[in-house]
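One structure is given below, encoded as structure tokens.
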Amino acid sequence: FFINHSIFYNTAMNSPLTQSVAGQMKGFILLVCSFGFDYKFDPLNFVGVLSSFAGSMVYAHGRVTEVRRKEVDPSDDGSDRTGSKGQSE
């Protein structure tokens, strides 16, 4: 019950980006802590973990950049409004 309540509260109080970054940091911390215990190094596993973490960081960076851009220009919805109308050839 308390875990479900905590997850619901955390989701209601934070943005999806915060949830994503916090989840990736939790996974990274667990990975680092597991090196001290019964961890058997496998290059393929290590590459998979690193690529997953890198992809999540690229996503988070993109989302942060998008949010900051919207803070600067709230009317920008991310679409390209220039089109070909009105442009001379």
Side-chain angles (χ1 to χ4, degrees):
F1 172 76
F2 292 111
I3 291 175
N4 287 336
H5 178 70
S6 299
I7 291 170
F8 177 77
Y9 180 75
N10 190 16
T11 303
M13 299 305 291
N14 295 310
S15 70
L17 176 61
T18 303
Q19 293 282 69
S20 175
V21 171
Q24 290 304 314
M25 290 307 297
K26 180 190 79 166
F28 183 73
I29 290 169
L30 287 173
L31 177 69
V32 169
C33 290
S34 72
F35 286 140
F37 296 100
D38 191 27
Y39 177 76
K40 293 177 176 54
F41 182 78
D42 179 25
L44 186 60
N45 183 31
F46 190 71
V47 168
V49 168
L50 285 181
S51 65
S52 172
F53 186 72
S56 297
M57 290 296 107
V58 169
Y59 170 76
H61 179 268
R63 291 289 297 156
V64 166
T65 303
E66 181 181 333
V67 167
R68 286 183 181 164
R69 184 172 15 119
K70 285 184 179 181
E71 287 175 353
V72 171
D73 184 11
S75 65
D76 183 17
D77 64 356
S79 63
D80 183 17
R81 292 189 200 111
T82 58
S84 61
K85 211 174 203 180
Q87 293 180 352
S88 61
E89 294 183 16

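Everything numeric here is computed off the predicted structure, so don't read it as measured data.
- Here Val67 pairs with Glu71 under the side-chain contact (heavy atoms from CB on, under 4.5 Å) rule; sequence neighbours left out.
- Here the side chain of Ser52 pairs no donor or acceptor atom with the backbone of Gly48 at under 3.5 angstrom.
- The side-chain hydrogen bond (donor to acceptor under 3.5 Å, both in side chains) test applied to Asn14 returns Asn10, not counting sequence neighbours.
- Checked against side-chain contact (heavy atoms from CB on, under 4.5 Å), Tyr59 has the following partners two or more places apart in sequence or in another chain: Ser20, Arg63.
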